[in-house]
Structure formats: C-alpha cells, structure tokens
Engineer: 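Got a structure for you, written out below as structure tokens; questions coming shortly.
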Amino acid sequence: MIKKITAVLPVLICIFMSCQSQQVQPGVPGGLSPKLQNLVRDAVFEVVIKKPEEKNVLYDKELDWSVIPYAIRSDRYYSIGTAFAVSPSEAVTAFHVLDLSAESDVFKEYYIRDSGGSVYEVDRVNKTSNEKDFVVFTVRDKVFTSWFELNPSFAVNSQVYSIGNALGEGIVVRNGLVLGTVPEEEEGRWNLLKSSADGNPGNSGGPLVTADGKVVGVVIALRDNILYSLPAAELLSAPSDSTHFRRKYTYVHLLLANRITRVFELDAALPASYKSLRQTLFEAYKTQYPQVMAELFAEAPEYLEGPNNRYILNQSVNTDFPEFTFVDKNDDQWKISDLTVQDFALPDDGAILQSAVSEIILLKIRRPKSSSPEKLNTDPRMVMDTILSWANMERTLGNTGKYRILSFGDPVETGEYRDKQGRTWIKTWWLLDFEDTIMLAYILPMPNGPVVLMTRQSSSKRHIYEWDLEAACDLVAAAYQGDMREWKEFLSMEDWLPGSLEQFALDWDESKKTMSLAMPQMSFTADNSVFDWTAQSTLFMVPSYYQRDNKIEYGFRSVIVQRDIKGNDYFMIHQHIKPDERLGVKSMEYWNDVVEAKYPYDGISRLSATNNTGFAGGLLTPAAVSPDARYSLYLNVENPGTEEALSRRFKALEKVISIIK
C-alpha cells in the first residue's frame, strides 16, 4: 500500500554496489599498449568510503570475522565505484557513486584510492549533473601525474575498453565495440553512448576509452548486456559556475489512495566543497518534502468532514490492538483497517501483537507482569529490547554466519510527537552502522503496554520516514485497556496522558472492592453489589470520532469493565450514534431497534442454561440528551442465580450511572 518517494529515472541497472574490496590490482588486458596499461594503473582509482566503527549492537554470540576473506576484513574501506583523472587537479566519477543528493548518518566522507593503496579525500566539485550522472572533482593533497584526455568524438563499431573497479575486486579492463547512441529516456535531451564492453557492479564512474587511450564516455549503467556511458562531450560542455539539480519524484503515503508527481529542482553555485553541496541539496529537499506531502494530503478525500467519511464516523476498534484509518482505493472512503495480527507470547503473561503494512510495522506490547508499566511505556531501550527478545532479527557474515541481534543499545535521539488526537508519542531512532540503516520508532504509552510504529530504512531517508510516520500516528485508532493497578500507574504519568483523559478520574478501593469513574461524558460508582472489584479487574475504553447534532466530536464510544481476566463477568456502556443513511437499511434498522429499546436493550434479564450465564440490557439516555445518540448498558454475569437476582444487580448498576449532556 505504501510506496516511498520514487525517483522517475531511466530504467537502467546502475552499476553500483557497496562492497568490500581488495587493494587495486591492475588487470592485464590484451591489446593495450604498455603506455596505456601504465596510464590505467596511474590514473584510474577506486572510490571508497571508510568502514564504520561498530558499536552498541549486542548479538547472541561473538561475531566470527574469520568467515570473511582476509583481504576484505582487513580493509579499512568499502569500495563503491571508480574514478579517473582528467587533469593534474581533476578527476571524474558518476554522480550516483558519490550520491550528493543523500546524506548518510554513517558514511560522511568519500575518498579515492590509487593502485598503491594510498587514500585521498574528495575535495571540491567543479562540474556536476545528477541527471547526466557525472561529477568532476578535485582531491585533497593530491596532484595527478598522469591523466586521460577527453575525446568528444567517437565512431560506431570502433574498439573501446571499459575500465573499472569491477565487483570491488580491483581495476579490470574489458573490450567491446561502440554500438551507437540512445536518447535519455525522459525527454531525449541528450544521448547516451552504447557499447558491448562488459561491466559489473563497481564499474560506475570509470572511463570508456579508445585503443589510443582517449576517453569517449563515463560508464554509468548496464542493461541487457549493453554498457551505457555519458559521452565525453557532455562533460566538456557542462557549465563550471553552477549546477542545476533536477529529479522527478512520485509521492505517496501508505494510508492514502492518491499520488502526485513533482519535479525537485535547485540551482547551486560551483565550485563548492562536496560536503557543502551535498548539504545544500539535502536541506532543500528536506524543506520541500513536507510541503509536497501536505499537498498530497490536501488532494486526498477530506478527513472527517465531507462525503467520504460515512464509514469512519460509524466505526471504532474493538480490541487493544491498534488499527489504521485509511482511504480505501476502491471507493475513496475513509475506513478503519482490519489488519491480520500475529500474537506472540512473552514471559510473565506478556505478549507482542504484530502486523505490517508495507514497510511499516505496527506493534502492541502487552506488559509482562514483572515489568514496570512506566518503564516499559517510556524507556525506548526497554521497548526495543522487548521487541528484539521476540523478533528474530539477524545479521549475516559471509555465507553461513548468522547472528541474532539482542539489543541496539541506547537510541541516538529521543523526542516527542503530539498527534492530532492529542496523544504524545515518544519519537526515537537507532543507528545500525554496519548496514547504514536506522530503526525509527514512535511509541505511544498505554495502560497495559505501548503501541509502537516502526520501520527500518536507509539512514539518509530518516527525515522522509519521520514525516510519514507522524502522519500515520495521527491516523492510528487505539483503545485503552488495563487492570486497576496498570490504570493507576498510567494516570500518574501526567506528561504522557492524552487530551481525552485530562478530565478523567478512576478510583479503585481494594478493601471495599469498589470502583468509580468520572469523565466529561459519564460517571458511575460500582460497588460489590455488582461485582467484587479486584486488582485484576480491567477497564477497556474505545475513543473515536463521530457525528452528533451535526458536529464532529471525539470521545469514548464504549466503556467495558470486567471483573477479572476471564471476561465472563462484565458490563458495557456504549454510545450508539445515528448512522449515515448511506450505510444501508441494516444499519438504520439496528439504530431504530436501539431507539425503540428492542432486544437486547429491552430491560429484560435472561439466563442461558448452556453456559450458566445471564445478561440484561437497557437504554440509559432519554431522547432529550441528543436525537442522534443513545447510551446503552449491557451486563453479563457468570453464575447469575435467578432472573430476579440478575435484574436486581442490573438495576443497582443502572442507578449509579450518570450520563452527562
């Protein structure tokens, strides 16, 4: 359902792979003169990034690095592409190798490495184009003693050689023929050079040279065994005082059915340090993204108001597992999801309930009885460690080594997000250095354990998913459930209480076995003439949006109080809302039955001989409170005795409930 920002780029398989590399070893290509072989050795380089210093992550056993070849595990760098010198001070690579439009939280610097193993950091960008996929750059503390000449002309069927860091294993030269050109795919604004020379991941940014060593193209992609290169003429004619960054993106959100396409464009002055240019591009896109996403939501069916809400204003969740509010692509109506949920046991009567929508994982943690309610709700490390105690999240080394992750350690950053329903989420993320990803999580404290929204993404996309998950938080429908002690501790966590519970009071007296509740909509006091209320008694409350008296309101639709966890002894107060007539005849018939106090709200007590239970139901609200709402009371009792005894219990409860207009 979800599709993250997708760049509409040529459908070419980019020859780029972040892989570990041995030191550069020049190939021994047939047909190249010794002079050209020397030029390849001296003027072609690996593009590399430093391996991160791994920390914080805890595994079930010590990592066995011996399964990785020595040359790879002893290398301090990852090899990601190829570059080549074109003057004493300048080198060239592909734009997507340096990827100056993304800012990783792990890989901050780019380097080139020569055939002798010396490493030099990239310095300034003199020319670049993300669309044409090239960068002309300088290198710190490095003067090139050998370089290639750019040749703006080429001949079809002439011999050429692709030179590059194939598969991160060192510089390799492969021959082929020039096959001709093909227009770039979006609008044909320039041509790409096609050749039959071979290529592999890591070749990107390398030169395509003639037999006499002249560069006719920069290797950028491979498709169907055809190598695509940017003609050298495009580098020679590119402006040196500025660059025009342009990329087309399609924007969507997992809870909406619509999408929009926009072009992100920015002019930046050159020359510039590669870090400052990267930050300029990255910050500009961070600014544009929420603006475009706000436009996307504005173009979606209006939420709560308007004709697309007839379902959402008549729905609510019925368990403590949360659901999403979303636009159904089949009819453009807002609805509440019905996710498939997996249930996994935790020690001490705890549990994790899990579902996923595309890249987003939705979790409910039911508190193990031995854990602190406040700590489980508000300590991000404890929350994630609890999830990892169940989730089999692994890291693989080599072909066989698998290591289960037990902890990410402390999060990098923790903050808060107050959603549109007045709930405060804990916003937090962890950095997984070894794969340049983050685990982003939003944690909603609840009486019996938190709700968690989380996703694992490239670290450069954190700002995108923060916006997306916060928009999803706004649209999460969640009920509140807990036993008396859990509720007591939850209500003491004033900083985390939602707005809907700010005028809420719950009192439970263990010695008298009574409980009372007061809130803007209703109040009641239930003593032991109804049930003996204990620490195991639970309160379940369902908030939702609904339309009453021609106004959209947010409040509690259902309040369910259970004597114990068995759930056979309970009572429920429910607010029935007059349905939208477009929901059909059955919805209106049910509403009319409620209004007319028909079964099961007819006030009659009934016994069931099959399971030894009894129930009684009735209306609490006179029509004067609202023509669009009725409050009902339903009581279910195990071992009820006689119908008269059940009726007395029902009437005793009915008397102590006050519905507030």
Side-chain angles (χ1 to χ4, degrees), residues 56-58 317 319-322 341-355 360-393 404-419 421 423-430 439-456 469 473 476-498 500-501 504 506 508 535-541 543 562 565:
N56 297 329
V57 177
L58 176 66
V317 296
T319 73
D320 64 341
F321 186 81
V341 180
Q342 295 176 291
D343 191 336
F344 303 91
L346 292 176
D348 300 323
D349 295 325
I352 289 183
L353 287 73
Q354 179 262 336
S355 190
I360 309 301
I361 299 172
L362 183 58
L363 297 164
K364 168 66 183 181
I365 301 177
R366 289 179 181 159
R367 182 183 68 88
K369 299 307 179 187
S370 57
S371 64
S372 159
E374 182 172 8
K375 192 171 178 63
L376 182 61
N377 269 308
T378 61
D379 183 341
R381 177 166 182 167
M382 184 175 183
V383 171
M384 187 55 64
D385 286 354
T386 301
I387 293 170
L388 290 173
S389 72
W390 147 77
N392 188 20
M393 192 174 294
R404 182 170 180 175
I405 298 175
L406 302 180
S407 177
F408 295 147
D410 293 327
V412 176
E413 211 170 54
T414 297
E416 296 177 9
Y417 175 68
R418 186 81 166 177
D419 70 20
Q421 297 181 47
R423 304 170 300 191
T424 301
W425 300 69
I426 299 170
K427 168 184 174 180
T428 187
W429 61 277
W430 292 262
M439 183 65 79
L440 176 64
Y442 284 74
I443 302 165
L444 179 63
M446 302 292 270
N448 68 338
V451 167
V452 183
L453 271 181
M454 54 188 278
T455 187
R456 189 174 178 179
L469 261 65
C473 288
V476 167
Y480 296 84
Q481 178 172 309
D483 63 32
M484 293 297 107
R485 287 179 178 152
E486 289 171 334
W487 269 101
K488 183 177 181 180
E489 185 148 358
F490 179 69
L491 292 172
S492 72
M493 298 161 48
E494 295 183 0
D495 291 342
W496 304 104
L497 289 182
S500 58
L501 292 179
F504 176 91
L506 176 67
W508 160 66
Q536 287 72 46
S537 299
T538 64
L539 172 64
F540 178 80
M541 298 177 49
Q562 295 181 174
I565 59 174

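Numbers here simply count residues along the sequence, with the first being 1. As a basis for the values below, the full set of heavy atoms in this structure was taken, side chains included, without hydrogen atoms, waters or symmetry mates.
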Engineer: Looking at Pro411 and Pro380, what are the two nearest heavy atoms and their distance?
Structural biologist: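 Looking at all heavy atoms of both residues, the shortest contact is CG-CB, 4.1 Å.
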Engineer: Any side-chain heavy atom of Trp508 sitting closer than 4.5 Å to one from Ser537?
Structural biologist: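 No, their side chains stay 4.5 Å or more apart.
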Engineer: Between atom CD1 of Ile365 and atom CG of Asp320, what is the distance when rounded to the nearest 0.5 Å?
Structural biologist: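 Answer for the CD1-CG pair, Ile365 versus Asp320, is 12.0 Å.
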Engineer: Rounded to the nearest 0.5 Å, how far does CG of Leu539 lie from CE of Met484?
Structural biologist: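 Here the interatomic distance stands at 5.5 Å.
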Engineer: Does the side chain of Asp483 come within less than 4.5 Å of Gln536's, by heavy atoms?
Structural biologist: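 SC-SC contact between Gln536 and Asp483 ruled out.
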Engineer: For the atom pair CZ (Phe344) and CD (Gln354), what is the distance rounded to the nearest 0.5 Å?
Structural biologist: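 Result: 6.0 Å between the selected atoms.
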Engineer: Just by distance, do the side chain of Ser371 and the backbone of Arg367 share a donor-acceptor pair under 3.5 Å?
Structural biologist: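 No, the answer is negative, given that no donor and acceptor are paired below the 3.5 Å cut-off.
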Engineer: Parallel, tilted or perpendicular: which fits the ring planes of Tyr442 and Trp425, with parallel below 30° and perpendicular above 60°?
Structural biologist: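 Taking Trp425 first and then Tyr442, their aromatic rings stand perpendicular (interplane angle over 60°).
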Engineer: Measure the NZ-CG distance between Lys375 and Asn377 for me, rounded to the nearest 0.5 Å.
Structural biologist: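 Lys375 atom NZ to Asn377 atom CG measures 12.0 Å (nearest 0.5 Å).
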Engineer: Is there a side-chain contact between Met454 and Met439 (heavy atoms, below 4.5 Å)?
Structural biologist: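 The answer is yes; the side chains approach within 4.5 Å.
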Engineer: Identify the two heavy atoms, one from Pro447 and one from Gln481, that lie closest to each other, and give their separation to 0.1 Å.
Structural biologist: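 For Pro447 versus Gln481, the nearest heavy atoms are CB-O, 3.2 Å.
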Engineer: Heavy-atom distance under 4.5 Å between the side chains of Ile405 and Leu388, does that happen here?
Structural biologist: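 A side-chain contact exists here, since the closest heavy-atom pair is under 4.5 Å.
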Engineer: Would you call Lys369 and Asp348 a salt bridge, using N to O less than 4.0 angstrom?
Structural biologist: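 No salt bridge links Lys369 with Asp348.
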Engineer: With side chains defined as the heavy atoms from C-beta onward, is the minimum distance between Arg381 and Thr414 less than 4.5 Å?
Structural biologist: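 No. Closest side-chain heavy atoms not under 4.5 Å.
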Engineer: What are the two closest non-hydrogen atoms of Leu453 and Cys473, and how far apart are they?
Structural biologist: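 Heavy-atom minimum between the residues: CD1-SG, 3.8 Å.
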Engineer: Can you find a heavy atom in the side chain of Asn56 that is under 4.5 Å from one in the side chain of Trp430?
Structural biologist: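 Not in contact.
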Engineer: Parallel, tilted or perpendicular: which describes the rings of Tyr480 and Trp487, with under 30° parallel and over 60° perpendicular?
Structural biologist: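 Correct class here is tilted.
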Engineer: State the CD-CH2 distance between Glu416 and Trp496, to the nearest 0.5 angstrom.
Structural biologist: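 Those atoms lie 4.0 Å apart.
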Engineer: Going through the distances and angles, do Glu489 and Ser372 end up as a side chain to side chain contact (heavy atoms under 4.5 Å, CB included)?
Structural biologist: CA-CA 9 Å; Glu489 185 148 358; Ser372 159; 4.1 Å; yes
Engineer: Do any N or O atoms from the side chain of Thr428 and from the backbone of Glu413 form a donor-acceptor pair under 3.5 angstrom?
Structural biologist: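 Pair found, side chain donor or acceptor close to backbone of Glu413.
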Engineer: List the atom of Val476, the atom of Pro322, and the distance in Å for their closest heavy-atom pair.
Structural biologist: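 Smallest heavy-atom distance, with atoms named: CG1-CB, 3.8 Å.
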Engineer: Give me the atom names and distance for the closest heavy-atom approach of Ala441 to Val452.
Structural biologist: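 Scanning both residues completely, I find the closest heavy atoms to be CB-CG1, 4.3 Å.
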Engineer: Contact between Asn448 and Lys364 at the side-chain level, heavy atoms closer than 4.5 Å - yes or no?
Structural biologist: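 With C-beta onward as the side chain, the pair touches.
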Engineer: Rounded to the nearest 0.5 Å, how far does CG of Leu469 lie from OH of Tyr417?
Structural biologist: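 Those atoms lie 10.5 Å apart.
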Engineer: Donor-acceptor pair, Gln421 side chain versus Ser500 backbone, under 3.5 Å?
Structural biologist: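 The answer is no, because no donor-acceptor pair under 3.5 Å joins these two groups.
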Engineer: Hey, are the side chains of Arg423 and Leu444 touching, using non-hydrogen atoms and a 4.5 Å cut-off?
Structural biologist: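 Yes, at least one pair of side-chain atoms sits under 4.5 Å.
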